[in-house]
Amino acid sequence: MRVTELTGLPDGVPEHLEDEGIEELYPPQAEAVERGVTEGESLVASVPTASGKTLIAELAMLAAVERGEKALYIVPLRALAGEKASAFERFERFGLSVGVSTGNYESDGERLANNDVIVATSEKVDSLVRNGAAWVDQLGCVVADEVHLVDDAHRGPTLEVTLAKLRARVDGLQTVALSATVGNADELASWLDAELVDSDWRPIELRTGVHYGQALHLDDGTTRELPVERGESQTAAIVRDTLHDDGSTLVFVNSRRNAEGAAKRLANVVAKELGDDQRVALAEIAEEIRAVSDTETSETLASAVERGAAFHHAGLAKEHRELVEEAFRDRLVRTVCATPTLAAGVNTPARRVVVRDWQRYDGDAGGMQPLDVLEVHQMFGRAGRPGLDPYGEAVLVTDDHDGLEGLFEKYIYADPEPVRSKLAAEPALRTHVLATVATGFATTRDDLLDFLDGTLYAEQTDEAGRLASVTDDVLAYLDANGFVERDGDGLRASETGHLVSRLYVDPMSAAEMIHGLREADDDTTPLGFYHLVSRTPDMYELYLRSGDRETYTELLYEREAEIPGSTPSEFSEGEFEDWLAALKTATLMEDWTEELDEERIAERYGVGPGDIRGKTETAEWLLGAAERLAGELDLDCVRAVRDARKRVDYGVREELLDLAGVRGVGRKRARRLYRAGVEDRSELRNADKATVLGALRGRRKTAESVLAAAGHPNPEMDAVTADPEAAPEENGGTNDGATDGTDDDGQASLGDFE
DNA sequence: CTCCACCATTTATAGACAGCATGTC
DNA sequence: CTATAAATGGTGGAG
């Protein structure tokens, strides 16, 4: 089908698509149109990665906008929201506007209510609905990207419930669900009352296979020689081979450490093939990486990148990841060793994909578990850059002959697993039941069950009573904690229940926080509040390593009085362990607020810069919720919680709270100013300019903007000379002067440390 | 006595959403 | 508890 034959779209869109080089629709796209996506028909498209799913969604949304309705695009990751939104912005010339809403980013300008197309994460959509966003009723079309993620135990239920809720609320809502190829696309279609496009078609050939011995065994039965040199790993041989064919390789491994280790070794392979120009360009990127953070992780990454290789995992700071992704797309970094972060994230295709590790450690299962077929296929799907590579190649690796056959059976010829709803579990239902009641969407138990009947779980289960019985357990829990009031058959959320629902925390987290906040007293320190939020189910716990048990048990008894709530018995294994893990997380937060630098924290807790930022972000969010709860319950600790929250937010000691609140002043600048004698905002406003300039290491522009932000009457710095007295002394020790050029941190000396 | 190659033992294990009110170096 | 790879530690032989 030609794009010019499309109807129902805003004027000029078909021609515009043609100008972009899209003349003919891909077969799955054409099928989607035949089934009515441009006429408001619901559709499930179960097709491989990179086979034009996005255009299907765009056509549906454009048609909806043309009908005068709004469209919503639900993404699985915040990082994808921006990517998708900028893709849709190319249609803004046809009079439609695009807005983004995620937890950390909200498009400015017009409010979402005025945007025709809105891009958001499923949690954000859920939250917006809970908070009563009125524009939801104007929706004509909702797109759910990567809908197979309803299978995810943690985040799947949110997507599932959100879709069910939108569909129940808006009559005749067009639902377009985009999915990877899954085992039961028909079931998804039946759940959503949708047409189905189920296709294996892809625009660029994908060859899959297994490397064993000295050869690559491909799915078409052919074998290609790919020799492994002595002392070289199979992966290294594959990377070398791809490089000789002028291609890049993406290697998937099962742990962060393996990713870093493999990158180090593969860097030696890539380095041999680099030209001088490339070395220069790579050295620049390596410097940018070092500038992001002073941690060992950052240094390891930089030194791999210098040699044309990189690793990618969640311990990296967001900026690190973006630099790696960009350098890989620019073909400067020629191989990336990644944990599954990269399989689901932004688009980073490669000529070849190597799935080195197809098993992953799972503590709950007690050992190594094979990856899902779906997951491996998602990784495979990163092979081949449309329009750039002649084909993509995805391979598994084995060193024993039986494994060769096994891997073909298990992953190459196998169909992906069916998607199964994970909704009927208490943690998932707790939050969604409360929200459903709080928004008035259900006012009786029957209402609630009626609503839940519209979920995928109901579609799939043959255990009729299961959902009802879990729901009853959850209602009892919500009742016991005062979030929901039951009056005969009627259900009503309490004031606190409403707040919990709007704050978007797990009711169990809220219950734990309320309990702790009530017990907080004069002995409670910030560490106590950090512990309180760290022990809720919304905080991802730090792992207790060998030796940590003793360390933190000792610390716990030392500081027990500072922590609100009562320590569980040392004999109740799980609970006590959790309490210790929370203490470890809390001390990380404390170190952060004591202005310890990232490098030391990373070293002390065995985490990467990305973990530190992630942890503090979560803690700040939860402390915000705790603050609101304390306020709602009229507790005395509100102030103390707010201070603890701000300290985590800024990463500073108490005396810097005021200064760090000034725009342009973070933990480092605040500390420098303080040491130069400028101790708070009002002093900064009236400060001697030479002192400020000296404290900010002679950076005029910085000094000017800081003074302006503080409200200084005349921030201009032209004729000012920095006061050397105010300059931060480079007093060796903690910052041993090794941070030249990038960003010396002038940390306060933090006293003795281990 | 030092160094190194090699083998046994120990150790640690993926990911990332949300409120609210404004801005890191 | 079902595994695996890297890091660490220990041993013995060569120089």
Side-chain angles (χ1 to χ4, degrees), chain A residues 75-79 81 101-104 106 108 120-128 130-131 149 152 154-155 158-159 233 252-262 264-265 291-293 312-315 318-319 338-345 356-357 359-371 375 431 499-506 509 538-540 543-547 606 610-611 613-615 617-618 620-629 645 649-651 660-670 672 696-697 699 702 705-706 709 742-746:
Chain A
V75 288
L77 295 169
R78 292 197 294 223
S101 178
T102 68
N104 61 349
E106 181 115 13
D108 44 25
T121 56
S122 37
E123 285 79 7
K124 188 64 186 192
V125 176
D126 187 17
S127 169
L128 289 167
R130 290 183 190 195
N131 285 285
L149 292 174
D152 181 278
H154 184 223
R155 298 183 53 207
T158 303
L159 176 58
S233 71
F252 285 106
V253 297
N254 65 2
S255 73
R256 295 176 178 191
R257 208 170 58 180
N258 285 340
E260 297 188 19
K264 269 186 212 165
R265 274 172 282 121
V292 171
S293 145
H312 190 284
H313 59 62
K318 202 178 73 197
E319 302 91 312
T339 54
T341 25
L342 213 56
R356 195 194 76 178
D357 303 334
Q359 297 191 99
R360 186 167 45 226
Y361 181 85
D362 178 351
D364 300 332
M368 297 303 268
Q369 291 295 120
L371 299 185
E375 216 172 335
T431 183
L499 182 60
V500 171
S501 168
R502 277 184 284 119
L503 289 173
Y504 211 80
V505 292
D506 183 331
S509 296
D538 277 308
M539 179 74 87
Y540 197 80
Y543 186 88
L544 283 184
R545 297 191 295 179
S546 69
D611 300 294
R613 298 174 192 196
K615 282 277 171 310
E617 189 187 329
T618 307
E620 199 264 329
W621 166 58
L622 286 170
L623 286 165
E627 187 185 330
R628 295 284 303 274
L629 286 168
R645 193 205 82 216
D649 193 12
Y650 302 144
V662 175
R663 184 186 328 152
V665 180
R667 64 198 307 235
K668 296 177 180 181
R669 289 175 182 172
R672 289 194 200 104
L696 297 175
R697 297 174 302 157
R699 310 230 163 136
T702 309
S705 61
V706 164
T742 55
D743 183 13
D744 92 281
D745 44 29

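As a basis for the values below, the full set of heavy atoms in this structure was taken, side chains included, without hydrogen atoms, waters or symmetry mates. Proteins get letters first, then strands, A, B, ... in listed order; numbering begins at 1 in each.
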request  = Please confirm whether the backbone N or O of A/S501 pairs with a side-chain atom of A/R130, one donor and one acceptor, at under 3.5 Å?
outcome  = yes
key: From CA spacing to verdict: salt bridge (charged side-chain N to carboxylate O under 4.0 Å, His left out), A/K615, A/E620   = CA-CA 9 Å; A/K615 282 277 171 310; A/E620 199 264 329; over 6 Å; no
request  = Give A/N254 one of three labels, base, sugar-phosphate or nothing, depending on what nucleic acid heavy atoms sit under 4.0 Å from its own.
outcome  = sugar-phosphate
Derivation and outcome, salt bridge (charged side-chain N to carboxylate O under 4.0 Å, His left out), residues A/R645 and A/E617 = CA-CA 10 Å; A/R645 193 205 82 216; A/E617 189 187 329; over 6 Å; no
key: Length of the CG-C1' vector between A/L342 and B/dG15, whole Å   = 13 Å
query = Within the pair A/T121 and B/dC17, is there a side-chain N or O less than 4.0 Å away from OP1 or OP2?
reply = no
message = Between the side chains of A/D649 and A/R667, is the shortest nitrogen-to-carboxylate-oxygen separation below 4.0 Å, so that they form an ion pair?
response = no
ask   = Given B/dC17, B/dA14, B/dC25, which nucleotide is nearest the side-chain atoms of A/E123?
value = B/dC17
remark   = Checking B/dT11, B/dT13, B/dC25 against the side chain of A/R257 (C-beta onward), the nearest is B/dT11
query = With a 4.0 Å cut-off on heavy atoms, is A/G664 in touch with a base, just the backbone sugar-phosphate, or nothing at all?
reply = sugar-phosphate
key: Integer-rounded Å distance: B/dT13 C1' and A/N258 CG   = 9 Å
request  = Sort out the partner of B/dC17 for me: Watson-Crick or G-U wobble, both distances under 3.5 Å, none otherwise.
outcome  = none
query = Is a donor on one side and an acceptor on the other found under 3.5 Å between the side chain of A/K264 and the backbone of A/A259?
reply = no
inquiry  = Considering every strand and a 4.0 Å limit on heavy-atom distances, what is the contact class for A/V505: base, sugar-phosphate, or nothing?
reply    = nothing
Gap between atoms CD and C1', on A/Q359 and C/dT2 respectively (whole Å) = 9 Å
key: Nearest-angstrom distance from the residue atom CD of A/E617 to C1' of B/dC17   = 9 Å
ask   = OP1, OP2 of C/dT2 versus side-chain N and O of A/Q369: anything below 4.0 Å?
value = no
message = Heavy atoms from C-beta onward define the side chain here; which of B/dG19, B/dG15, C/dA5 lies closest to that of A/R645?
response = B/dG19
request  = Answer yes or no: does a side-chain N or O of A/K124 lie under 4.0 Å from OP1 or OP2 of B/dG19?
outcome  = yes
ask   = Hey, does A/E620 reach any base, or is it just sugar-phosphate, or nothing, if we go heavy atoms under 4.0 Å?
value = base
request  = Remember a base hit wins even if backbone is also touched, and classify A/R265 as base, sugar-phosphate or nothing at under 4.0 Å, heavy atoms.
outcome  = sugar-phosphate
task = Give one of base, sugar-phosphate or nothing for A/D152, where a contact means two heavy atoms less than 4.0 Å apart.
result = base
ask   = Which heavy atom in A/T341 sits nearest to a heavy atom in A/A314, and how many Å separate them?
value = CG2-N, 4.0 Å
inquiry  = For B/dT22, give the paired nucleotide (Watson-Crick: N1-N3 plus N6-O4 or O6-N4; G-U: N1-O2 and O6-N3; both under 3.5 Å), or none.
reply    = none
message = Tell me the interatomic distance from A/L622, atom CG, to B/dC20, atom C1', rounded to whole angstroms.
response = 13 Å
task = Please report, rounded to the nearest Å, how far the C1' atom of C/dA5 is from the CE atom of A/M368.
result = 9 Å
ask   = Is the distance from OP1 or OP2 of B/dA18 to the nearest side-chain N or O of A/R78 less than 4.0 Å?
value = yes
request  = Quickly work out the A/L159 CG to B/dA16 C1' distance and round it to whole Å.
outcome  = 16 Å
ask   = Does B/dA18 have A/W621 stacked on its base, where the ring centres are within less than 5.5 Å and the planes differ by under 30°?
value = yes
request  = Classify the nucleic acid contact of A/T702 as base, sugar-phosphate or nothing, counting any heavy atom under 4.0 Å across all strands shown.
outcome  = nothing
task = Report the secondary structure of DNA chain C in dot-bracket form, marking unpaired bases with a dot and bases paired to a different strand with |, and treating Watson-Crick or G-U pairs with both distances under 3.5 Å as paired.
result = ..|||||||||||||
key: Side chain of A/R155 (C-beta onward), nearest among B/dG15, B/dA14, B/dC17   = B/dC17
note = A/L371 atom CG is separated from C/dT4 atom C1', nearest whole Å, by 14 Å
ask   = Within less than 4.0 Å of OP1 or OP2 of C/dT4, is there a side-chain N or O belonging to A/R360?
value = no
task = Take A/L128 and A/G606, find for each the nucleotide of DNA chain B with the closest heavy atom, and name the residue whose nucleotide sits nearer the 5' end.
result = A/G606
query = Distance check: side-chain N/O of A/S127 vs OP1/OP2 of B/dG19, anything under 4.0 Å?
reply = yes
key: Backbone N/O of A/V505 and side chain of A/S509: donor-acceptor pair under 3.5 Å   = no
inquiry  = Considering every strand and a 4.0 Å limit on heavy-atom distances, what is the contact class for A/G624: base, sugar-phosphate, or nothing?
reply    = base
query = With respect to A/V253, which candidate in A/R356, A/R360, A/E260, A/H313 satisfies the side chain to side chain contact (heavy atoms under 4.5 Å, CB included) definition?
reply = A/R356
message = Please give the distance between the P atoms of C/dA7 and B/dA14 as a whole number of Å.
response = 15 Å
ask   = Contact class for A/L77 (heavy atom, under 4.0 Å): base, sugar-phosphate, or nothing?
value = sugar-phosphate
query = Just checking, is any N or O donor in the side chain of A/D126 or A/Y504 under 3.5 Å from an acceptor N or O on the other one?
reply = yes
query = For the side chain of A/N254 and the backbone of A/D357, is there at least one donor-acceptor N/O pair under 3.5 Å apart?
reply = no
request  = Assign A/Y504 to base, sugar-phosphate, or nothing according to its heavy-atom contacts below 4.0 angstrom with the strands shown.
outcome  = sugar-phosphate
task = Could you please name the option among B/dC25, B/dA14, B/dC20 that lies closest to any side-chain atom of A/R628?
result = B/dC20
